[in-house]
S.K.: 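After the structure tokens below, expect a handful of questions from me.
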Amino acid sequence: MIEVSFSVNGAAHTLRVGPGERLIDVLRGRLGLTGTKEGCGIGVCGACTVLVDGRAENACLVPAASLEGASVVTVEGLSTDGLDPLQQAFLDHHAIQCGFCTPGLVMSARALLDENPEPTEEEIRTAIRGNLCRCTGYEQAIAAIASVAGTGARALLDEQAGLIRSSARLEAGVPFARTPPTSTPAPEGGDAR
Amino acid sequence: MKAGGYLRAASLADAASARARGGIVIAGGTDIMVKGRSRNIYADKVLVDVSGIGELHLVGERGGAIEIGAACTLSGLCADRALRERLPLLVDAMEHVGGVQTRNRATIGGNVVNACPASDIIPALMVLDASVRTTARTIPLADFFVDCPHCLKHEGMYVRSCLFPDAASKKTVLEPGELVRSLIVPLPRAGSRHLFYKLARTQNIGLACVNLALIGTLLGGVVEGLSISMGGLFPRPCTLDGCSAVLRGTSADVSTLDRVKAALAEKLAAESGALVDYGYKSRVAPALLADGIAAFMAGETLERKRRI
Amino acid sequence: MQQDSFHVVGSPTPRVDGYDKVTGRALYTDDMSLPGMLYAGCVHSRQPHAIVEVDPTPARSVPGVVAVLIEKDFPKPQSRYDWFYCTSHPRYRGDVLAVVAAETPEALEEGIAAVRVGYTKLPAVFTVADALSPGAPQVRAEGVALGEDGVPDPERPGNIFPASYKPLRKGDLAAGFAQADLIVERTYDTPYVEHAYLEPESVLVSPEGADGVLIRASSQQGHTPQDFVADALQIPMSRVRAVSTTVGGSFGSKLELVGLMCGRAAVAMSATGRPVKMTYAREDSILESTKRHPFTTTVRIGATADGKICAYQASQVENAGAYNNQAPWMNIRARVHSAGPYDIANISTDTYAVYTNNTVPGAFRGYSSPQVIFANEMAIDELADELGISVVELKRKNLLRRGSITATGQQLVHETLLVDMMEDILRDTRYEEKRAAYAAEAGVWRHGIGLVTAYRGAALGGEGVDASGAMMTGMQDGSFVLRPSLMEFGQGLNTVYAQIASEASGVALSDIRLEPVDTTVMADSGLTVASRGTAQGGQSVRMAGEAIRAMIEETARAMLDAAPDERIEVRDSIAWIEGRPDRSVRVSDIWTMRRYTGRQLSTYQWYSARPLVNDDATGQGEAFQTYAYGVCVAEVSVNTHSGEVIVDEVSAYHDVGHALNPALIRGQIYGGILMGMGFGLYEEYRLEQGRSFDDNLDAYLIATAKDAPLVNIRLYECDDPEGAYGAKSLAENATEMIGAACALAVKHAIKRPVRKIPLTPEYILELLAQGEACV
């Protein structure tokens with residue numbers, strides 16, 4: 001067992017950890033911080049993303065024993081004093097469905113905006129490339145992140161646009177309303193992937 | 001993960017002696033922690049954490065080369081503006097490794113010592129003529145690796161099922177107790193241009209199917225110097241010297257490119273027995289090489305702008 | 001439905017469970033722990049077919065291991081759903097041979113590794129072709145052979161799963177083909193697909209009270225865990241309570257496997273007297289969980305020279321795996337839609353599943369529709385090629401319209417927007433202009449554009465009578481608890497239920513709290529499948545809300561002394577006399593008045609859809625109450641040197657009846673698009689001799705944020721009386737067209753016939769190597 005001292009969400013901990021024990025095991029199993037999720041165990045899905053000294057890292061790959069002096073922030077640490085603007089934006093933009101990828105996604109977004117407050121849409125996509133989501137298709141999450149960034153990289157999606165009503169118009173011989181379909185605007189500058 | 005012990009090495013000497021006693025070096029852990037996940041391959045091994053050794057984090061320029069400490073993380077290096085300016089090909093390659101989370105922990109030394117045939121960084125270092133500085137000697141990167149045909153048979157080359165818990169001892173010439181200190185990368189010639197491309201099935205953050213690194217110079221529209229390396233294909237990292245030779249002094253016109261493709265195909269044919277995706281790779285690698293060279297000649301990239 | 005007259009439904013209401021999910025407070029099953037809890041796991045078979053001898057003794061002596069259970073320790077080793085909780089005769093590599101329970105996850109891992117298994121291998125088959133060939137080993141005793149006529153022969157043993165056979169017969173096929181100027185016959189194949197929800201399965205089973213059992217499980221179904229546990233323990237279901245938790249995605253999968261895990265954990269709980277949690281690693285999840293059925297579809301289609309389709313014949317054959325629970329139901333849907341959204345007078349299709357020693361497929365978003373649409377739309381495209389007319393003209397001549405008779409002989413009596421939607425998408429995407437331009441392309445990168453038109457029977461249809469219950473209970477302070485019987489697992493059902501309940505009752509949305517699905521509170525209302533949750537499940541919620549409104553109005557009338565001809569309005573938990581907002585009373589005061597006059601402000605309502613009449617022998621009759629229509633265009637770029645495909649843009653237009661929450665709908669569509677892209681282009685769970693190495697997300701690839709195309713969504717509404725507030729279905733519609741659209745786009749880009757998906761780079765290069773362009 002190895003003694004290691006580090007902080008989690010501002011609280012100091014000194015623990016004796018196993019040599020192969022992972023940060024995710026410490027968070028979920030010992031500290032009761034279950035917001036960080038395990039989706040694959042091999043650092044591919046990003047559901048376990050936390051901040052270690054401000055960097056987004058997969059907690060399933062971080063040996064707890066390596067954390068001496070480190071400062072770890074999990075999703076629970078974002079909402080100690082009301083919601084983080086990113087969290088509010090995820091709610092406002094309907095960026096959540098089953099929610100399992102959400103904590104990791106929010107943490108990756110937090111790390112991105114802390115380092116790069118005005119990312120382009122491509123930079124946002126690159127930052128969350130290591131966060132897999134099977135439900136949402138990522139669009140509304142990207143809109144949420146862009147709205148906090150305030151870059152206007154993505155126009156806010158008009159939720160009500162694109163609804164076409166049929167019957168009354170058809171019967172009256174009036175063609176469908178020609179509102180344009182609501183589409184994701186092309187990225188500015190057409191950045192390479 | 002099961003491990004026999006964990007040692008935070010305070011110095012290179014400590015780390016080297018722990019290694020000599022059978023320890024497994026760990027820096028970022030993005031390979032070790034995945035390899036050891038569901039097999040007990042490190043159950044009786046001491047993990048020797050070198051990430052706290054200061055001298056392994058140094059980056060400095062001396063004598064026309066940049067020396068990069070082995071424990072430098074990929075994201076740290078990518079954020080280094082001076083490095084990006086001096087070694088753009090290397091930074092380009094590093095940016096293609098994994099996702100942000102991976103790059104925040106993965107180290108350049110770890111990637112090289114792990115010696116995966118599909119590594120994105122190794123082909124870039126090969127064409128940059130890098131050397132490995134260890135605790136005992138300095139070796140050209142080209143002489144650092146040993147042949148590993150088993151890796152080519154390994155379906156998908158996934159880290160999770162890698163055949164080598166201790167890649168350093170089986171896939172490199174490192175002696176017991178010998179550690180990598182840094183990579184020494186000569187500055188490219190003035191006026192060099194480069195190209196890097198990572199071919200994979202989707203935009204997933206995993207390993208390349210095949211990758212390509214090129215660097216060289218043109219003189220009057222004609223290839224003056226050129227070095228090429230491709231990953232995902234060979235039992236040992238190599239530069240495609242035969243292909244470079246065909247191109248030198250030419251403007252890489254279509255018939256020259258056909259000869260280059262044929263040279264690569266011939267070299268690849270030697271792997272037809274071992275390389276598990278040979279059918280596809282033997283078709284795509286020569287085409288990728290030719291397209292890469294054409295883009296290189298035009299000063300373009302192969303990256304396709306998405307979402308147009 | 002006039003949207004302006006609704007106050008809550010039709011709005012992009014924020015999710016009721018969003019706050020908990022975004023803060024990490026939401027509890028998924030593995031987040032839960034109980035005092036004294038054991039960790040359990042399974043020993044899976046390493047052989048696809050064998051008899052085994054399992055020696056648990058070495059495992060029992062591992063420190064921390066508390067119990068090792070083998071087949072004889074299970075009161076009933078085989079579940080009611082065909083799979084085994086525990087077996088000594090594994091029939092596929094996901095079969096479980098032993099269950100281990102230990103004090104810690106580390107001890108569990110050691111215990112599982114220590115169980116000794118001796119295998120006596122048995123002959124096995126893996127492909128449909130092998131399973132149907134003469135002399136093939138019989139995988140299951142109940143399997144039957146294929147007759148000469150292409151129809152299962154119940155008199156001879158074989159490997160066809162008899163209950164899965166669903167024929168469809170309409171008109172006179174021979175006469176239809178006799179009319180045809182051209183007949184085209186093709187065969188198409190689709191792969192095994194993994195659901196790849198982000199949350200691996202987890203169950204927590206604990207003793208409750210003296211002799212009860214409590215289940216918390218990552219299950220798509222509220223009630224089936226109860227069913228499995230009672231079955232596994234052989235105790236009355238009334239002693240077993242399942243309370244739903246937050247579920248991290250399912251897409252049809254978290255049904256049988258989760259039930260089996262609950263049964264195994266329950267037997268371990270019973271053996272040890274302690275709570276037992278079983279959480280699967282991703283590799284175990286992929287190994288044992290169900291997959292999408294691979295289909296081999298042979299289509300024979302006849303048309304007259306002017307493009308009118310006069311005959312359609314198909315066999316749709318699935319690899320059933322070693323066990324199977326879903327194919328009999330799935331094939332009901334598969335036969336209805338086998339001939340596509342086309343008006344064809346003469347149709348004959350045979351759909352059935354074949355047993356093999358492979359991973360077992362089950363329900364997966366679409367429930368046969370992505371596979372059926374791929375084969376059908378590709379056949380239509382090839383027919384157009386052979387006829388020398390554009391596929392757009394072919395569709396214009398044959399698409400279903402209002403009043404058309406479907407493949408099951410049902411007349412489409414409700415609004416049928418399909419043709420109009422197609423014309424819109426053709427115009428918006430400039431489809432025909434692009435097809436012409438792309439046909440002339442040279443160069444390494446080629447563009448392609450593909451069009452799919454689809455219809456989908458909404459909700460359960462002929463699979464069963466769609467019925468569900470809902471309970472709404474008022475509290476003294478005017479807050480309400482809404483108890484649903486169908487499940488939230490990410491799709492947003494709880495949110496839409498809150499909206500429906502609020503709309504129907506007049507109670508403020510913020511005063512309505514959704515509680516978990518609890519089997520001791522709510523009657524089993526069937527599975528949350530078939531995209532029935534909102535349209536049909538929402539009906540009982542609506543009825544509950546309307547019953548509450550009636551109670552509110554009754555008491556408000558009395559409390560406000562309203563005249564008999566005065567109407568009472570209720571909204572945002574206030575009741576008032578219409579036109580006289582000063583004469584109002586709060587719902588909380590109404591509760592108090594009712595309580596003291598011996599009445600309640602609560603209700604339990606049961607809704608049952610109108611029954612459908614159809615003939616199982618021919619598939620003729622009413623297949624669904626109503627249909628939802630969709631059109632989709634996918635635009636791709638293909639690198640003809642590497643086979644790489646970039647999906648540039650996807651336009652998805654959906655008839656949703658009435659969009660009860662447009663924001664949730666959009667989210668479903670975005671996610672469905674990426675899932676469909678995977679189906680068409682790169683997702684495949686590859687099995688070789690019953691074994692796969694695609695058992696984690698490094699090998700089984702799903703779309704990342706960088707893979708997403710530009711997306712154009714258009715929602716259509718119409719007046720449809722069948723679903724709650726006019727809703728139809730959307731969840732499965734959102735994904736079912738996309739794979740086919742991408743495949744068609746690639747086909748057009750590379751000008752080669754496409755008979756199989758996924759269109760991996762390797763496969764694309766193989767097709768390109770086949771020489772001259774076909775179109």
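Every chain is numbered from 1, with letters handed out A, B, ... down the list of sequences.
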S.K.: For C:F251, is it the side chain, the backbone, both or neither that has a heavy atom under 4.5 Å from a heavy atom of chain A?
M.R.: side chain

S.K.: With a 4.5 angstrom heavy-atom cut-off, which part of A:T34 approaches chain C: side chain, backbone, both or neither?
M.R.: both

S.K.: Does any heavy atom of chain A fall under 4.5 Å from the side chain of C:I673, the backbone, both, or neither of them?
M.R.: neither

S.K.: Closer than 3.5 angstrom, by distance alone: can the side chain of C:Y28 be matched with the main-chain N or O of A:F100 as a donor-acceptor pair?
M.R.: yes

S.K.: Are C:R666 and A:E139 close enough for a salt bridge, meaning some N to O gap below 4.0 Å?
M.R.: no

S.K.: Only pairs of heavy atoms separated by less than 4.5 Å count here; which of A:C101, A:P103, A:C40 has the most with chain C?
M.R.: A:C40

S.K.: Would you say that C:L664 contacts A:H94 through its side chain, given a criterion of any heavy-atom pair below 4.5 Å between the two side chains?
M.R.: no

S.K.: Using heavy-atom distances under 4.5 Å, tell me whether C:D20 contacts chain A through its side chain, its backbone, both, or neither.
M.R.: neither

S.K.: Quick one: does C:R15's side chain have a donor or acceptor within less than 3.5 Å of a partner on A:I96's backbone?
M.R.: yes

S.K.: Decide yes or no for C:V247 and A:C98: does some side-chain heavy atom of the first lie under 4.5 Å from some side-chain heavy atom of the second?
M.R.: no

S.K.: Shortest non-hydrogen contact from A:L91 to C:Y19?
M.R.: CD2-N, 3.6 Å

S.K.: Flag the one option from A:V44, A:L132, A:L78, A:L105 with the top tally of heavy-atom pairs under 4.5 Å to chain C.
M.R.: A:L132

S.K.: Under 4.5 Å from any heavy atom of chain A, what part of C:E106 do you find: side chain, backbone, both or neither?
M.R.: neither

S.K.: Counting heavy-atom pairs under 4.5 Å to chain A, which of C:G492, C:G678, C:S285, C:P200 comes out on top?
M.R.: C:P200

S.K.: Is it true that atom CD of C:E283 has more than 12 heavy atoms of other residues, nucleotides or ligands lying nearer than 6.0 Å?
M.R.: yes

S.K.: Indicate the atoms forming the closest heavy-atom contact of C:Y670 with A:T136, along with that distance.
M.R.: CB-O, 3.2 Å

S.K.: Any ion pair linking A:R28 and C:D31 (charged N to carboxylate O, less than 4.0 Å)?
M.R.: yes

S.K.: Using modelled atom types only, decide if a donor and an acceptor are shared between the side chain of C:K21 and the backbone of A:Q97 within a distance under 3.5 Å.
M.R.: yes

S.K.: At a heavy-atom distance under 4.5 Å, which candidate from A:L33, A:L83, A:D25 has the highest pair count against chain C?
M.R.: A:L83

S.K.: Considering only heavy atoms from C-beta outward, does the side chain of C:R25 approach that of A:S79 to under 4.5 Å?
M.R.: yes

S.K.: Between A:E121 and C:K706 (salt bridge meaning N to carboxylate O under 4.0 Å), is one present in this structure?
M.R.: no

S.K.: Hey, which of A:A47, A:G35, A:G39, A:A127 has the most heavy atom pairs under 4.5 Å with chain C?
M.R.: A:G39

S.K.: Using every non-hydrogen atom in the two residues, find where A:G137 and C:L674 come nearest and quote the distance to one decimal.
M.R.: CA-CD1, 3.6 Å

S.K.: Can you tell which part of C:L27 gets under 4.5 Å to a heavy atom of chain A, answering side chain, backbone, both or neither?
M.R.: side chain

S.K.: One pair to check against side-chain contact (heavy atoms from CB on, under 4.5 Å): C:L198 and A:C133. What are the steps and the verdict?
M.R.: CA-CA 7 Å; C:L198 262 288; A:C133 173; 5.5 Å; no

S.K.: Does any heavy atom of chain A fall under 4.5 Å from the side chain of C:T13, the backbone, both, or neither of them?
M.R.: backbone

S.K.: Flag the one option from C:G24, C:G671, C:A26, C:P14 with the top tally of heavy-atom pairs under 4.5 Å to chain A.
M.R.: C:G671

S.K.: Got a second to check how far A:I42's CD1 is from C:L697's CG, nearest 0.5 Å?
M.R.: 6.5 Å

S.K.: Check whether any side-chain N or O of A:Y138 sits under 3.5 Å from a backbone N or O of C:D707 as a donor-acceptor pair, and report yes or no.
M.R.: no

S.K.: Between C:M32, C:Q491, C:E683, C:E488, which residue shows the highest count of heavy-atom pairs closer than 4.5 Å to chain A?
M.R.: C:E683

S.K.: With a 4.5 angstrom heavy-atom cut-off, which part of C:A196 approaches chain A: side chain, backbone, both or neither?
M.R.: both

S.K.: Highest number of heavy-atom pairs under 4.5 Å with chain C: which of A:K37, A:E38, A:Q88?
M.R.: A:K37

S.K.: Between C:R282 (side chain only) and A:G41 (backbone N and O only), is there a donor and an acceptor less than 3.5 Å apart?
M.R.: no

